[in-house]
Number of protein chains: 2
Amino acid sequence: MAAPAAEAPGPGGRGPESAAAGRSAGGRGPESALREIRAGAITEPMNTRAGRGGQNPTMDQVAEAAGVSRATVSRVINGAPSVDAKIREMVERAIAETGYVPNVAARSLVTRKSNSVALVISEPDRPYDASFLNRIFTDPYFGRITAGATGALRPHDIHLVIIPTDSTDHHHVLRYLRQGHVDGVLLISSHDEDPLPRQVHDLGIPAVVSARPASPLAASFVDVDQRLGARLAAEHLLARGCRRLATISGPLDMPAGLDRLDGFRSYLANRGYTEVPSVEGDFTRGGGEDCARRLLTDHPDIDGLFVASDLMAEGALRAVQDLGRRVPDDVAVVGFDDSSAALDCRPLLTTIRQPVEEMAAEMAEVLMAHIAAPGRLPRSVTFQPTLVIRESA
Amino acid sequence: MAAPAAEAPGPGGRGPESAAAGRSAGGRGPESALREIRAGAITEPMNTRAGRGGQNPTMDQVAEAAGVSRATVSRVINGAPSVDAKIREMVERAIAETGYVPNVAARSLVTRKSNSVALVISEPDRPYDASFLNRIFTDPYFGRITAGATGALRPHDIHLVIIPTDSTDHHHVLRYLRQGHVDGVLLISSHDEDPLPRQVHDLGIPAVVSARPASPLAASFVDVDQRLGARLAAEHLLARGCRRLATISGPLDMPAGLDRLDGFRSYLANRGYTEVPSVEGDFTRGGGEDCARRLLTDHPDIDGLFVASDLMAEGALRAVQDLGRRVPDDVAVVGFDDSSAALDCRPLLTTIRQPVEEMAAEMAEVLMAHIAAPGRLPRSVTFQPTLVIRESA
DNA sequence: CTGAAAGCGCTTACAG
DNA sequence: CTGAAAGCGCTTACAG
């Protein structure tokens with residue numbers, strides 16, 4: 001019998017850990033945390049793949065074990081229909097016995113496919129540091145994007161490589177893309193001035209952008225109807241009797257900021273509400289809190305508030321209530337997103353849902369179509385937002 | 001002159017978008033969001049790399065352009081010291097002119113290096129769905145891990161591939177690792193019962209685990225001294241005069257849950273405090289809120305609370321204050337982590353800092369050492385937590 | 001349906 | 001210091 005499959009358990013750990021050596025070394029951060037270094041439990045050698053020092057078997061070895069040619073092994077692995085059932089079975093047994101796994105480098109050298117796509121999250125204004133990544137890993141939006149894209153890609157056995165990037169870093173990303181690490185890119189870019197969508201487009205590699213690019217680009221994108229969402233919020237606030245409306249917008253250099261603000265205001269303007277106070281937020285919880293405080297002190301009579309993201313709404317709710325107003329009785333609040341943050345709010349947040357998971361899945365589908373047929377014309381897909389009524393309005 | 005480098009801008013977009021076609025299609029989610037599909041702006045062909053249909057130039061083309069052999073081009077690209085300065089310069093010019101970028105598949109086929117490592121985030125108990133990813137992309141802990149690892153890897157030009165996984169999915173991950181996509185793995189695994197650390201170890205691929213594995217394993221890991229952190233919290237609470245202490249722990253099937261609870265209790269027990277109410281939380285904000293409510297209704301006299309994570313502490317603070325208690329005067333609260341959540345708290349959270357970024361960077365360093373020298377013995381590194389005093393205690 | 005052979009684009013001993 | 005050649009582990013026309 002050949003080497004066992006890798007899934008076979010190695011010899012279990014048995015030795016107790018050796019005693020701590022207790023050498024302490026200086027930490028690297030400002031905290032200067034001390035640390036001990038000690039030898040780990042030594043229970044087995046690093047490589048246990050019997051007799052082959054950790055080397056994976058090669059396709060030739062499988063072929064030999066099965067008594068066929070390498071080409072045949074390749075065919076059964078790739079599901080070529082033309083293989084005799086008996087031979088296929090022999091090959092499959094040989095694969096199982098040897099624990100064979102194809103070498104991806106060799107494969108993609110000839111197929112020119114990597115079977116993975118990049119999810120590039122571009123935030124041009126922030127330095128590439130802990131706070132940038134903190135924002136990405138703290139805003140539910142990106143989790144939904146990842147979930148949606150992964151779900152759509154997985155059935156096709158395509159991996160997602162997540163690449164956060166800021167403007168100091170575009171060069172690296174472009175280089176990475178050109179090196180053939182991935183077959184295409186899902187680009188999350190939300191700032192008007194971000195040059196990355198155009199740069200990626202000019203690479204000629206299949207790409208789908210998360211929102212309509214600020215300047216026209218012959219690229220596919222998927223988006224939600226931002227203005228309609230804002231209108232839904234205005235309608236609802238009006239319908240429940242609010243008459244002094246105000247809004248906390250997102251950053252105005254993002255379509256998601258500007259379009260929601262503009263959609264809200266222009267709907268109201270058409271109904272005679274021309275004085276609609278607004279203040280520009282930053283899509284963070286803390287920002288929402290500050291904005292609400294400012295808004296309510298400048299305009300104490302506000303009775304309806306549209307906040308352009310759930311995260312900001314969470315902070316706004318806190319400020320409104322700190323100021324002694326009841327929600328929704330004194331001030332009704334509508335958010336935007338319907339992310340998990342909406343359920344962290346007290347009272348539960350009434351909000352405009354954008355189907356982010358479905359949007360990300362659609363991005364992935366469109367991307368796969370472009371990869372499969374490189375000449376395909378770009379297209380855009382727009383989803384509709386919906387009102388989700390809970391407690392805050 | 002050869003083809004322009006990819007960084008050269010293509011012809012700018014100029015056409016206006018074509019009119020929306022307005023075909024609506026059924027959505028896929030329960031929300032049934034409608035969507036429009038329309039043709040994107042057609043301003044230029046997908047591939048603009050002049051004359052070569054998007055194909056990257058090959059090393060042979062660079063060699064020809066520079067008038068040298070392919071081997072020499074390879075040497076200058078890989079920084080071999082033995083290349084004549086003039087020749088090097090010619091080659092570099094040829095590289096710039098052709099916009100050459102090495103093909104990673106070809107390179108790693110021979111070097112057997114991918115220049116990337118995986119960050120596997122394993123959460124065995126949850127289904128691989130939106131809520132699982134939502135947790136990962138919402139808990140500041142993972143952002144800090146990513147930031148720390150990225151920072152350490154970047155100078156070495158090594159990419160991080162982030163792979164969230166649950167127990168239904170281990171097989172895929174193991175397969176991915178065996179296929180040679182990465183040179184090593186950083187494994188974030190916090191549940192006792194998680195089989196993944198052992199499985200990864202048995203693969204024989206370089207790996208570093210984020211915390212001491214529950215069962216002994218001859219693997220390298222880095223951790224924080226959990227018990228010491230809990231003791232720091234107890235000391236501080238006692239020092240500020242609290243006498244009725246209680247704690248909200250993490251899940252008890254995680255070392256981070258059990259060790260913090262046990263460290264807290266055993267320190268107090270040695271000082272005569274044998275009655276220390278505790279309740280098991282789940283490391284989420286909502287969970288912390290529920291636990292605090294339960295704790296305070298069952299034990300109304302509690303005056304000091306140690307909460308095993310900042311996220312839970314944020315929820316606990318809300319509950320404590322909802323119940324009409326002042327923080328810290330009636331109830332003092334100490335968290336654990338010193339993540340960004342500590343600053344989202346009102347009052348600002350006093351907490352036990354674990355230097356997560358530095359820990360992740362250390363994981364990356366140790367991993368790179370293992371990759372460079374496969375025979376290296378495993379070792380563990382322990383960081384010390386520190387008390388960060390703010391407002392809540 | 002199967003195999004022998006060429007070739008994907010690099011790196012790296014080995015000569016010179 | 002440089003080049004000719006072998007080879008990394010696959011896939012895929014091309015014959016048979």
May I ask you to decide whether A:R154 forms a salt bridge with B:D169, counting only side-chain N to carboxylate O separations under 4.0 Å?
yes

Using the salt bridge (charged side-chain N to carboxylate O under 4.0 Å, His left out) rule, collect all pairs that involve residues 67-76 of chain B, keeping only residues at least two apart or in two chains.
B:D60-B:R70

Send over the distance from [X] [atom1] to [N] [atom2], rounded to a whole Å.
X: B:I87; N: D:dC1; atom1: CD1; atom2: C1'; result: 7 Å
X: B:R112; N: D:dG7; atom1: CZ; atom2: P; result: 14 Å
X: B:M90; N: D:dT2; atom1: CE; atom2: C1'; result: 13 Å
X: A:R88; N: C:dC1; atom1: CZ; atom2: P; result: 10 Å

Using a 4.0 Å heavy-atom cut-off across all strands, classify B:V104 as base, sugar-phosphate, or nothing.
nothing

If you find the nucleotide of DNA chain D closest to B:L109 and the one closest to B:G67, which residue's nucleotide is nearer the 5' end?
B:G67

Counting only side-chain N and O atoms of A:T72, is one of them less than 4.0 Å from OP1 or OP2 of C:dG3?
yes

Test of understanding: with side-chain contact (heavy atoms from CB on, under 4.5 Å), list the residues that count as partners of [X], not counting sequence neighbours.
X: A:V117; answer: A:L153, A:I158, A:L160, A:L186, A:L367, A:I371
X: B:A118; answer: B:V120, B:I163, B:L177, B:V182, B:V185
X: A:E92; answer: A:V76, A:R88

Pairing stems for DNA chain C [at least three consecutive pairs; Watson-Crick or G-U; under 3.5 angstrom]
C:1-3 with D:14-16, C:5-12 with D:5-12, C:14-16 with D:1-3

Under a plain distance cut-off of 3.5 Å, with no hydrogens placed, do B:H370 and B:S220 share a side-chain donor-acceptor pair?
yes

Report the distance from atom NE2 of B:H156 to atom CE of B:M368, rounding to the nearest 0.5 Å.
3.5 Å

Taken to the nearest 0.5 Å, the spacing of B:Y176 OH from A:D157 CG works out to 11.5 Å

Extract from the structure each pairing of a protein N or O with an N or O of nucleotides 10-12 of chain C at less than 3.5 Å, listing the distance.
residue : atom : partner : partner atom : Å
C:dC10  : OP1  : B:Y100  : OH           : 2.9
C:dC10  : OP2  : B:M59   : N            : 2.9
C:dC10  : O5'  : B:Y100  : OH           : 2.9
C:dC10  : N4   : B:R70   : NH1          : 2.2
C:dT11  : OP1  : B:N78   : ND2          : 3.1
C:dT11  : OP1  : B:R107  : NE           : 3.0
C:dT11  : OP1  : B:R107  : NH2          : 3.4
C:dT11  : OP2  : B:S74   : OG           : 2.5
C:dT11  : O4   : B:R70   : NH1          : 3.2

